[in-house]
Colleague: 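Quick one: structure below, then a few questions.
One-based numbering, in listed order, for ligands and for the atoms of each. If you read the sequence from its start, that first residue is 1, and numbering goes on from there.
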Amino acid sequence: MYNLDQFMAEIERKNPSEPEFIQAAKEVVETIIDTVNENPAYVNAKILERITEPDRVIQFKVEWEDDDGQVQVNRAYRVQFNNALGPYKGGLRFHPSVTLGGLKFLGFEQIFKNSLTTLPMGGGKGGSDFNPKGKSDNEIMRFCRSFMTELHRYIGPETDVPAGDIGVGGREIGFLYGAYKRLQIENTGILTGKGRNWGGSVIRPEATGFGALYFAKNMVEAHNDTLKDKRISVSGFGNVAWGACMKATQLGAKVVTISGPDGYILDEEGVNTQEKWDYMLELRASNNDIVAPYAEKFGAQFVPNKRPWEVKVDMAFPCAIQNELTADDADLLINNGVQYVVETSNMGCTADAVEKILAAKIPFGPGKAANAGGVAVSGLEMSQNSMKLSWPEEEVDEKLKHIMGNIHDACIKEGTEDGYVNYPKGANIAGFKKVADAMLDMGY
Ligand code: 2IT
């Protein structure tokens with residue numbers, strides 16, 4: 001039998017200086033420990049020790065030349081966490097905050113998220129402390145080429161299939177794929193999020209945001225409610241926020257905020273036109289990492305150095321980065337009458353924030369369920385690559401909706417307690433069981 005405190009003390013001992021990994025492990029373990037203890041096969045197989053230890057971690061050096069001819073050195077990793085259900089699958093993050101512990105948290109989350117999609121994908125994550133801010137396209141290309149020179153040895157379409165994450169979008173995937181193709185003389189489904197002309201799936205760029213809104217639609221409908229006319233705050237202004245703004249608008253809701261490291265935009269008209277969505281992409285592509293110019297361009301309000309959670313809304317969608325919504329922010333949202341929180345970034349809410357939201361009995365969609373649409377369409381991209389076919393938009397969108405509906409059903413099934421749906425618990429148990437059962441089947 002496992003004891004939570006003892007188990008977590010051991011995790012902390014083994015993973016010092018990795019607070020985010022410890023936070024993610026605790027969040028999962030505390031919700032699944034009863035399920036594990038009720039099943040002697042899990043306990044005897046030491047399933048918790050095995051599922052919290054990555055299969056392997058690859059660390060490598062990335063040397064590249066900047067536009068001034070100076071040599072630059074970055075550190076990079078690929079965490080291959082668990083491949084019980086399929087090839088390692090998960091994004092690459094290029095951000096100055098990247099550490100091994102951060103990528104271990106993301107790779108760990110990815111195991112359960114990918115399991116929830118029901119597609120055959122294991123969990124992994126990678127990235128580098130490279131900061132894309134202020135870099136030219138050529139600098140990004142040289143960095144990506146050097147990054148792939150190392151990474152190509154460890155990945156493959158049946159081994160490990162990276163994709164984008166923060167700081168890695170279509171442009172970076174293109175450069176990475178180009179480098180891989182040159183090294184291997186092979187066109188293969190080695191990355192997802194590829195361009196449409198060379199193996200990418202329709203809707204992959206939009207999928208994380210679209211999926212979060214499909215999940216949210218299921219959430220509100222399960223509470224006899226509708227998305228129509230809901231007032232929504234979104235954080236971030238990248239790929240995920242962009243998809244969320246588009247789909248929220250299409251489903252009749254109104255997004256009134258987006259944000260960047262410099263502050264947030266309050267747009268009472270709504271982030272609701274093609275021009276505004278296109279401008280978000282332009283802002284992101286500029287590599288300046290600021291959102292303020294949106295206010296000037298569209299006559300909206302810019303609130304410097306603040307997070308959007310002080311704005312009164314019906315629904316909040318953190319779409320930026322881990323731990324971006326704190327306990328104080330949760331208090332603000334709850335006092336302002338928030339009805340739903342849909343965590344669209346990975347571990348976007350601190351543990352204290354989640355505790356407050358759950359205690360207030362506000363439906364809370366955890367990242368590993370709500371944001372699974374991105375990796376789900378990555379899985380569909382892998383299927384299309386294997387078949388050497390590409391599916392039309394309606395087909396991919398239909399499959400995405402179906403997958404998000406299934407994830408929501410799984411949360412209801414495993415997470416309902418006394419009439420309240422504890423979505424994080426439901427997602428963790430449902431995601432865990434499939435992986436754990438596969439691990440039992442395969443031995444050690
Ligand atoms: O966090 C995530 O799920 C992603 N960055 C997408 C991973 C993927 O392989 O598409």
Side-chain angles (χ1 to χ4, degrees), residues 20 24 77-83 85-95 98 102-128 151 155-170 172-173 176-177 189-194 199-212 215 236 238-244 318-322 324 342-348 365-385 396 399-400 403-404 407 427 431:
E20 289 158 331
Y77 307 90
R78 184 71 182 167
V79 178
Q80 297 182 332
F81 218 117
N82 184 299
N83 66 352
L85 297 182
Y88 303 106
K89 183 80 197 88
L92 297 171
R93 177 173 291 190
F94 293 170
H95 194 268
V98 163
L103 296 175
K104 278 173 65 183
F105 121 64
L106 289 159
F108 181 72
E109 288 284 290
Q110 202 81 43
I111 304 171
F112 306 98
K113 182 195 311 192
N114 294 3
S115 166
L116 284 168
T117 68
T118 70
L119 300 173
M121 300 183 288
K125 199 85 186 189
S128 172
L151 187 67
I155 61 176
E158 310 298 338
T159 307
D160 183 356
V161 183
D165 191 79
I166 294 170
V168 179
E172 291 75 19
I173 293 292
L176 290 164
Y177 189 85
I190 184 58
L191 292 161
T192 59
K194 300 187 290 300
S201 176
V202 275
I203 320 202
R204 177 62 191 88
E206 297 86 351
T208 312
F210 279 20
F215 189 84
N239 168 263
V240 176
W242 168 76
C319 294
I321 200 162
Q322 66 268 17
E324 55 169 311
V342 184
E343 188 186 47
T344 311
S345 41
N346 290 307
M347 205 165 77
K368 64 171 77 68
N371 76 26
V375 76
V377 174
S378 276
L380 300 177
E381 183 168 324
M382 289 167 72
S383 306
Q384 293 169 78
N385 292 165
V396 177
K399 287 182 161 68
L400 172 60
I403 290 169
M404 298 314 295
I407 296 176

Colleague: Name all residues meeting the side-chain contact (heavy atoms from CB on, under 4.5 Å) criterion together with Ser345; count only those two or more places apart in sequence or in a different chain, and write none if there are none.
Modeller: Pro318, Glu324
Colleague: Hey, does Ile203 have a side-chain heavy atom less than 4.5 Å from the side chain of Leu380?
Modeller: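 Of all side-chain heavy-atom pairs linking Ile203 with Leu380, none is under 4.5 Å.
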Colleague: Is it true that a side-chain atom of Glu381 and a backbone atom of Gly193 form a donor plus acceptor pair closer than 3.5 Å?
Modeller: yes
Colleague: My understanding is that only residues two or more places apart in sequence, or in another chain, count here; which of them pass salt bridge (charged side-chain N to carboxylate O under 4.0 Å, His left out) with Lys368?
Modeller: Glu27, Glu109
Colleague: With sequence neighbours excluded, tell me which residues meet side-chain contact (heavy atoms from CB on, under 4.5 Å) with Val240.
Modeller: Thr208, Cys319, Thr344
Colleague: What are the polar N/O contacts of ligand 1 with the protein below 3.5 Å, with distances?
Modeller:
from	atom 1	to	atom 2	distance (Å)
ligand 1	1 (O)	Lys113	NZ	3.0
ligand 1	1 (O)	Lys125	NZ	3.1
ligand 1	1 (O)	Asn346	ND2	3.0
ligand 1	3 (O)	Gln110	NE2	3.0
ligand 1	3 (O)	Lys113	NZ	2.7
ligand 1	5 (N)	Lys125	NZ	3.4
ligand 1	5 (N)	Gly164	O	3.0
ligand 1	5 (N)	Asp165	OD1	2.9
ligand 1	9 (O)	Lys89	NZ	2.6
ligand 1	10 (O)	Arg204	NH2	2.9
ligand 1	10 (O)	Ser378	OG	2.5

Colleague: Look up atom NE2 in His95 and atom OG in Ser128, then write down how far apart they are to the nearest 0.5 Å.
Modeller: 12.0 Å
